[in-house]
Amino acid sequence: LPANPDGAKLRKFAVVRTPRSVYAAIPGRNKYRPSQKTPVPNLTLCGCYTSQKYLGSMEGATLSGKLAAEQIAARAVDAPAPGLKEVQPHVVEAAAALSPRDPVGCRGD
């Protein structure tokens with residue numbers, strides 16, 4: 001960098017636009033996203049798909065990681081942490097009605 005940056009001039013630039021790069025936050029959809037805490041012992045979820053306020057973005061993934069770390073830290077010292085989020089009943093019913101299938105495109109013995 002020059003000693004006096006006042007004389008610096010921009011030579012090149014580019015504007016990158018990514019339309020629809022973040023999902024639309026449709027009212028009522030967050031109730032379908034899982035919390036970081038799970039009913040499985042020692043399993044904590046994180047990622048932009050979990051329940052947090054910045055849906056479908058890097059900010060959401062980062063916040064989710066922070067929330068997951070808070071869950072883990074609270075569990076390590078037996079401190080209270082936000083609880084489980086209730087799974088919607090119709091989602092549980094639909095999952096119970098499913099039968100196992102072989103994955104598409106997989107072959108093997």
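As the structure is a computational prediction, the values presented were derived from the model and not from experiment.
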Taking every non-hydrogen atom, the tightest pair across Ala68 and Leu45: CB-O, 3.6 Å

Residue pair Gly47 / Ser64: nearest heavy atoms and the distance that separates them: N-OG, 2.8 Å

Closest heavy-atom pair and its distance - Ala81, Gln71: CB-OE1, 3.8 Å

Separation of Thr62 OG1 from Leu67 CG (nearest 0.5 Å): 11.0 Å

Closest contact, heavy atoms only, Gln52 versus Gly60: OE1-CA, 3.3 Å

Shortest non-hydrogen contact from Ala74 toward Pro80: CB-O, 4.0 Å

Cys48 side, atom SG; Arg33 side, atom CZ - distance, nearest 0.5 Å: 7.0 Å

ILVMFWY cluster, Val15 and Leu10 together (side-chain gap under 4.5 Å): yes

Between Gln36 and Thr50, a side-chain donor and acceptor under 3.5 Å: yes

same_hphob_cluster(Val92, Tyr32) at 4.5 Å side-chain heavy-atom cutoff: yes

